[in-house]
Amino acid sequence: MRNNSTKLIILAVIAIIFILLYGFYDIKGGFDYAFPRRMIKVGAMVVTGIAIAYSTVVFQTITQNRILTPSVMGLDSMYEVVQTLIFFFAGATSVWVVNKYLNFSVAIIAMVLFALLLYRFLFRADKYPIFLLLLIGMILGTLLGNFVTFLQVLIDPVEYLSLQNLLFANFSKVNGDLLLFAAIILLIAFIYGFRIMHKLDVMNLGRENAINLGVNYDRMMMNILILSSVLIATATALVGPITFLGLIVANLAYQLFATYKHIILILGASLISVIALVGGQFLLEHVFELRTTLSVIVNFVGGIYFIYLLLKESRAAG
Amino acid sequence: MIEIKGLTKRFGKKTVVDNVTAKIQPRTITSFIGPNGAGKSTLLSMVSRLLDADTGDVLLDQTSVKKWKSDRFAKRVSILKQSNYLNVRLTVRELVSFGRYPYSKGRLTDEDEKFVDQALEYMNLTDIQDQFLDELSGGQRQRAFIAMVIAQDTDYILLDEPLNNLDMKHSVQIMKILRKLVDELGKTVVIVLHDINFASVYSDRIVALKNGKLVKDGPTHEIINSKALREIYDMDIPIHEQNGCRICVYFNSHTHAN
Ligand SMILES: Nc1ncnc2c1ncn2[C@@H]1O[C@H](COP(=O)(O)OP(=O)(O)OP(=O)(O)O)[C@@H](O)[C@H]1O
Ligand SMILES: [Mg+2]
């Protein structure tokens with residue numbers, strides 16, 4: 001425990017260093033111009049990183065697994081579907097796209113509804129095996145992906161470009177007001193999270209133990225699924241999908257902290273997530289001077305890690 | 001008092017618990033016995049609201065278990081399932097401390113710690129309390145789970161085959177502790193047992209299930225006899241009386257083909 005607090009502090013220090021570095025490093029000329037922009041970008045990374053980490057940890061607790069994440073289960077694809085449908089039916093110049101708030105809200109609401117609909121079928125008292133769920137998630141993702149591609153072919157090429165811009169995770173495009181809005185959602189989620197921290201610990205013992213200990217399991221499960229989907233939807237609507245980030249940071253946190261305590265797991269995963277995004281983006285821009293977006297690298301590394309976890313799991317099962 | 005009223009559960013077309021009615025007498029040990037697949041675990045799951053019944057009801061103090069608030073119910077009734085798998089890595093003490101959750105909601109008081117200490121001591125776990133569960137033997141792990149339920153300090157304790165994996169010494173020790181909980185602290189214990197000799201020697205009442213139906217319900221001495229046991233298990237089991245205990249010698253007994 002004391003050991004874990006030390007680790008949290010170290011991670012926090014690293015995160016702050018990267019945030020400062022990102023904010024001030026090599027800032028030439030118009031400080032007044034560049035600094036606020038950088039701060040918004042860093043803010044977007046922090047909010048997204050924390051939201052994804054938090055969402056993934058609680059999702060994995062209540063679904064009792066360490067491989068599935070809301071993104072892997074098809075929420076990211078759903079984001080693409082929503083945006084593509086908007087472009088297809090309303091067009092790139094319609095109020096649904098131009099009005100950022102409207103677009104943001106519609107995306108969040110659609111993703112949360114989709115998630116709840118999906119979970120209603122998937123997570124019931126008699127559990128399906130993880131691999132079946134995973135398969136369903138993949139199939140769903142592929143199906144939605146194909147549907148999206150089909151619609152995209154029919155969209156006007158110029159509009160398609162601006163759609164592409166929405167579908168790739170990108171921290172530079174973040175709008176300051178939306179960031180504030182997302183931060184408020186995150187704050188509310190954290191206030192709720194602190195109140196149910198111990199319940200989450202108990203739910204980690206599985207449905208039956210949790211009910212035995214007096215947790216109103218089925219209702220809590222629903223609440224937390226809603227919490228988790230709102231968080232992931234917010235993050236995705238803000239910057240675009242970063243599918244494998246949650247998987248990596250949650251599993252690193254389990255390994256690093258080796259505890260059942262959610263207060264530590266959530267804070268730990270959040271800090272790791274912030275370090276990965278801000279640190280990664282900093283290295284990318286200033287050290288390697290690359291133009292690639294970070295999400296491409298995160299997904300590449302995360303994808304490999306995902307396969308590793310799958311192999312490990314199947315070996316443990318077999 | 002716990003009353004089971006016309007409880008029925010079907011899985012698909014199969015009726016697994018079939019219109020069972022029984023009362024659990026307070027301050028007794030009641031053993032549930034019966035062949036594999038008789039529906040004992042399913043019945044216990046419904047009593048402890050882990051599973052919803054199709055028809056019928058379970059009343060705790062005249063109120064349906066479904067109407068009880070979850071956290072208040074958890075201070076009255078606890079259950080230990082037949083098999084326990086954990087997704088998280090915990091030490092023995094951490095697991096047993098979870099038994100205090102209904103009272104502490106995660107912040108253990110000194111009193112909670114005392115209950116934990118005592119439960120650990122009852123189950124002979126004090127020396128290994130800081131070891132991780134996945135580093136223990138099956139029997140040690142089983143005892144840790146029993147300790148968690150004891151730390152929960154409920155009036156009703158439901159145990160589904162708690163003697164799984166336990167050696168003779170620990171089995172006897174646990175039955176004696178359960179007796180003590182009943183006789184000295186006024187608890188009520190419901191326990192699923194396969195070794196009918198443990199049921200015979202330590203329980204006050206026996207409930208027997210077969211194919212989902214309740215076939216026997218009465219004081220131990222009325223059930224532990226060759227005739228009743230034949231009805232339950234389709235076996236001829238001679239009974240020997242020893243120091244006032246009835247011992248069932250079920251090895252080598254004839255089974256009835258039916
Ligand atoms: N979730 C389930 N789905 C379908 N059938 C089930 C389920 N749970 C139990 N059953 C069936 O219900 C019957 C009773 O099971 P139960 O576990 O209650 O028996 P039991 O008396 O506890 O047996 P044992 O002594 O082996 O523990 C069995 O035939 C079992 O196959
Ligand atoms: Mg059973």
Side-chain angles (χ1 to χ4, degrees), chain A residues 1 3-4 57-68 124-127 129-130 193-223 250-251 253-265 313 316-317, chain B residues 11-12 41 44-52 65-66 68-91 93-108 132-134 144-145 148-149 151-154 156-160:
Chain A
M1 179 70 196
N3 193 1
N4 275 343
V57 170
V58 295
F59 179 87
Q60 295 198 330
T61 289
I62 55 169
T63 55
Q64 291 276 295
N65 88 94
R66 291 181 167 189
I67 294 178
L68 298 180
R124 12 189 62 199
D126 30 348
K127 277 176 45 174
I130 291 291
F194 275 112
R195 295 187 44 209
I196 60 161
M197 223 35 99
H198 295 295
K199 263 190 197 156
L200 281 166
D201 295 345
V202 175
M203 290 176 85
N204 223 345
L205 302 181
R207 179 175 182 272
E208 287 166 343
N209 285 313
I211 294 179
N212 172 44
L213 294 173
V215 172
N216 194 336
Y217 191 86
D218 296 327
R219 209 187 67 206
M220 281 312 292
M221 175 123 177
M222 210 56 213
N223 290 356
N251 278 284
Y254 303 141
Q255 251 170 34
L256 186 61
F257 294 99
T259 178
Y260 65 91
K261 295 200 173 87
H262 279 80
I263 187 138
I264 294 175
L265 290 176
E313 181 90 344
Chain B
F11 286 117
S41 298
L44 229 53
S45 293
M46 290 189 287
V47 172
S48 54
R49 54 132 175 48
L50 299 184
L51 193 67
D52 288 333
V65 296
K66 275 176 262 166
W68 275 80
K69 281 200 63 159
S70 325
D71 50 346
R72 291 194 56 214
F73 192 83
K75 294 182 190 169
R76 299 294 311 282
V77 180
S78 57
I79 178 158
L80 177 66
K81 293 279 295 178
Q82 187 168 356
S83 58
N84 288 284
Y85 168 77
L86 288 184
N87 236 349
V88 268
R89 197 152 182 264
L90 297 179
T91 67
R93 193 181 177 89
E94 284 170 343
L95 177 73
V96 177
S97 301
F98 270 114
R100 297 305 295 167
Y101 178 79
Y103 308 89
S104 69
K105 303 288 183 216
R107 290 183 193 82
L108 294 188
F132 282 99
L133 289 169
D134 56 6
F145 277 100
M148 171 170 102
V149 171
Q152 204 176 331
D153 189 36
T154 51
Y156 294 87
I157 302 171
L158 315 181
L159 302 164
D160 196 348

Let me confirm one number: the [atom1]-[atom2] distance from [X] to [Y], rounded to the nearest 0.5 Å.
X: A:R207; Y: B:L50; atom1: CZ; atom2: CG; value: 7.0 Å
X: A:K261; Y: B:E94; atom1: NZ; atom2: CD; value: 6.0 Å
X: A:E208; Y: B:S45; atom1: CD; atom2: OG; value: 6.0 Å

Taking all non-hydrogen atoms of both residues into account, name the closest pair between [X] and [Y] and its distance.
X: B:N87; Y: A:Q64; value: ND2-O, 2.9 Å
X: A:R66; Y: B:V88; value: NH2-CG1, 4.3 Å
X: B:Y101; Y: A:L213; value: CD2-O, 3.4 Å

Give the table of side-chain donor-acceptor pairs shorter than 3.5 Å for residues 71-79 of chain B, with sequence neighbours excluded, one pair per line with atom names and distance.
{"from": "B:R76", "atom 1": "NE", "to": "B:D155", "atom 2": "OD2", "distance (Å)": "2.6"}
{"from": "B:R76", "atom 1": "NH1", "to": "B:D61", "atom 2": "OD2", "distance (Å)": "2.8"}
{"from": "B:R76", "atom 1": "NH2", "to": "B:D61", "atom 2": "OD2", "distance (Å)": "3.1"}
{"from": "B:R76", "atom 1": "NH2", "to": "B:D155", "atom 2": "OD2", "distance (Å)": "3.3"}
{"from": "B:S78", "atom 1": "OG", "to": "B:T154", "atom 2": "OG1", "distance (Å)": "2.8"}

Query raised in the report: If you count heavy-atom pairs under 4.5 Å between each of A:L205, A:D201, A:V215, A:T259 and chain B, which one has the most?
Result: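 Among A:L205, A:D201, A:V215, A:T259, the one with the most close pairs to chain B is A:L205.
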
Requested in this report: State, with a plain yes or no, whether a side-chain heavy atom of A:N209 is found less than 4.5 Å away from one of B:F98.
Outcome: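 No, too far: nothing below the 4.5 Å cut-off.
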
Query - Over 12 foreign heavy atoms within 6.0 Å of NZ, A:K199 - result: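 No.
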
If I measure from the heavy atoms of chain A, does [X] come under 4.5 Å with its side chain, its backbone, both, or neither?
X: B:R49; result: both
X: B:K105; result: backbone
X: B:L90; result: side chain

Query raised in the report: Residues two or more places apart in sequence or in another chain: which of them pass salt bridge (charged side-chain N to carboxylate O under 4.0 Å, His left out) with B:D160?
Result: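 Counting only residues at least two positions away or on another chain, B:D160 forms no salt bridge (charged side-chain N to carboxylate O under 4.0 Å, His left out).
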
